[in-house]
Amino acid sequence: LLLFLQDHQDSILGNTMQTVIALLNNIVANKSTNLMLLFEEGLADHICNLLIETVALYLEADDKSSTKTANALLLSLLDILHCMLMYTANIVRQALQAQKSGTGGDTQAAEDLLLINKPLTDLISLLIQLLPGEDTEIFESASQCLSLLVQLYGGNSQESMSPENMDSFAEVLKSKKDTRQLKLLLRIIKRLVS
């Protein structure tokens with residue numbers, strides 16, 4: 001499946017690619033899936049590449065049909081990313097709780113998982129650029145993924161605080177009225193700067 005994604009990355013908006021991404025979304029979302037196997041096969045790199053291409057298409061889409069297709073694909077990829085980050089966060093949380101309680105949890109597995117998924121930090125700026133958009137579903141998905149990413153990895157990159165990203169944050173903070181959304185955005189910014 002991952003090899004197919006790699007081989008057909010140039011036709012990302014094609015029906016076959018959309019079907020494969022939907023299938024991958026279902027596999028990753030399934031609680032019985034051993035995600036560690038997918039992570040070891042390079043899932044993080046594949047999702048990174050697909051998201052970079054899809055966001056570019058989404059932001060450049062000028063006709064209704066390609067906008068709709070790019071939007072659906074982007075939401076599927078953000079769902080996959082969210083599942084990956086939730087899985088990682090849960091493993092890290094369990095390791096930290098075991099370490100805290102003195103039961104000697106497997107911190108090495110958590111560290112390995114964080115290392116395997118480190119390429120996902122390249123998506124921080126990309127996710128920030130999606131926040132000011134008008135699509136509320138994309139905002140919700142992007143902000144949840146961004147929140148998990150900065151919780152797991154912090155703001156270890158100066159690129160995260162670029163003027164372009166700060167403009168995106170300023171724009172979205174001005175446009176959002178929902179207190180819950182504003183608090184989430186402020187927590188993300190705080191984590192990026194600390």
Side-chain angles (χ1 to χ4, degrees), residues 21 25 28-29 35 39 43-62 67-97 110 113-194:
I21 289 173
N25 192 0
V28 170
L35 285 181
F39 290 140
L43 180 63
D45 287 323
H46 291 296
I47 294 303
C48 247
N49 293 335
L50 288 169
L51 267 166
I52 289 167
E53 285 191 39
T54 305
V55 167
L57 291 170
Y58 172 77
L59 295 174
E60 293 169 4
D62 50 3
T67 302
K68 188 176 178 181
T69 304
N71 187 309
L73 194 60
L74 181 55
L75 286 171
S76 285
L77 289 168
L78 288 171
D79 283 347
I80 292 169
L81 178 62
H82 189 261
C83 289
M84 292 168 63
L85 293 170
M86 285 299 295
Y87 178 84
T88 304
N90 287 333
I91 298 294
V92 169
R93 192 174 297 114
Q94 289 168 4
L96 290 173
Q97 286 172 347
L113 188 56
L114 284 169
L115 198 57
I116 287 171
N117 285 328
K118 183 97 165 112
L120 297 176
T121 59
D122 293 344
L123 298 173
I124 290 175
S125 287
L126 202 69
L127 292 170
I128 292 170
Q129 296 305 311
L130 288 174
L131 296 177
E134 294 176 18
D135 190 301
T136 55
E137 275 185 287
I138 289 180
F139 169 81
E140 286 294 328
S141 292
S143 62
Q144 291 300 320
C145 289
L146 186 57
S147 176
L148 286 167
L149 263 174
V150 298
Q151 285 174 48
L152 289 167
Y153 296 99
N156 58 2
S157 152
Q158 287 300 320
E159 182 183 308
S160 303
M161 303 304 292
S162 71
E164 184 180 35
N165 287 346
M166 292 302 99
D167 288 346
S168 291
F169 275 125
E171 187 179 334
V172 75
L173 285 168
K174 284 188 237 173
S175 68
K176 296 296 176 192
K177 302 296 180 227
D178 183 324
T179 308
R180 184 187 56 82
Q181 291 173 338
L182 290 170
K183 284 181 181 178
L184 177 64
L185 290 168
L186 291 173
R187 275 195 307 272
I188 291 168
I189 294 169
K190 180 181 178 185
R191 188 72 175 120
L192 283 171
V193 297
S194 59

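The analysis underlying the following values was restricted to heavy atoms, covering all of them including side chains, and did not include hydrogens, waters or symmetry mates.
The two atoms that bring Cys48 and Leu120 nearest to each other are SG-CA, 4.0 Å, heavy atoms only. Nearest heavy atoms, Lys174 versus Lys177: O-NZ, 3.2 Å. Taking every heavy atom of both residues into account, Ala110 and Ala95 meet most closely at CB-CB, 3.7 Å. Residues Met166 and Ser160 approach most closely at CE-O, 3.9 Å, considering heavy atoms. Ser141 approaches Leu75 most closely through the heavy-atom pair OG-CD2, 4.0 Å.
Taking CZ from Phe39 and OG1 from Thr88, the interatomic distance works out to 4.0 Å, rounded to the nearest 0.5 Å. For the atom pair Asp79 CG and Met84 CE, the distance stands at 12.5 Å (nearest 0.5 Å). Rounding to the nearest 0.5 angstrom, the gap separating the CG atom in Leu192 from the OG atom in Ser125 is 8.5 Å. Distance check, rounded to the nearest 0.5 Å: OG of Ser76 to CG of Leu81 gives 12.5 Å. Here the straight-line distance linking atom CG of Leu127 with atom OG of Ser147 works out to 11.0 Å at 0.5 Å rounding. Between Ile124 atom CD1 and Leu146 atom CG the span is 6.5 Å, to the nearest 0.5 Å.
You'll find the side chain of Lys183 reaches within 4.5 Å of the side chain of Thr179, heavy atoms only. Looking at heavy atoms from C-beta onward, Leu131 lies in side-chain contact with Phe139 at the 4.5 angstrom threshold. Between Glu164 and Ile128, every side-chain heavy-atom pair lies at or beyond the 4.5 Å cut-off. Using a 4.5 Å heavy-atom threshold, the side chains of Tyr58 and Asp135 count as touching. At least one side-chain heavy atom of Leu186 sits less than 4.5 Å from a side-chain heavy atom of Leu173. Counting heavy atoms from C-beta outward, Leu57 and Leu73 have side chains that stay 4.5 Å or more apart. Considering only heavy atoms from C-beta on, Leu51 comes within 4.5 Å of Leu78 through its side chain. Looking at heavy atoms from C-beta onward, Leu123 lies out of side-chain contact with Val55 at the 4.5 angstrom threshold.
With salt bridges taken as basic N to acidic carboxylate O contacts below 4.0 Å, none links Lys176 and Glu140.
Counting only distance, with no hydrogens or angles, the side chain of Asn165 and the backbone of Met161 share no donor-acceptor pair below 3.5 Å.
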Please report the C-alpha distance between Leu77 and Asn25 in whole Å, then the side-chain angles of each, then the deciding distance to 0.1 Å, and finally whether the side-chain contact (heavy atoms from CB on, under 4.5 Å) criterion is met. CA-CA 7 Å; Leu77 289 168; Asn25 192 0; over 6 Å; no

*Show the numbers, then the answer: is there a side-chain contact (heavy atoms from CB on, under 4.5 Å) between Leu126 and Gln129?*
CA-CA 5 Å; Leu126 202 69; Gln129 296 305 311; 5.8 Å; no

Check your understanding: Which is it for Val92 and Leu113 under the side-chain contact (heavy atoms from CB on, under 4.5 Å) test, yes or no, and what are the steps along the way?
Key -> CA-CA 8 Å; Val92 169; Leu113 188 56; 5.8 Å; no

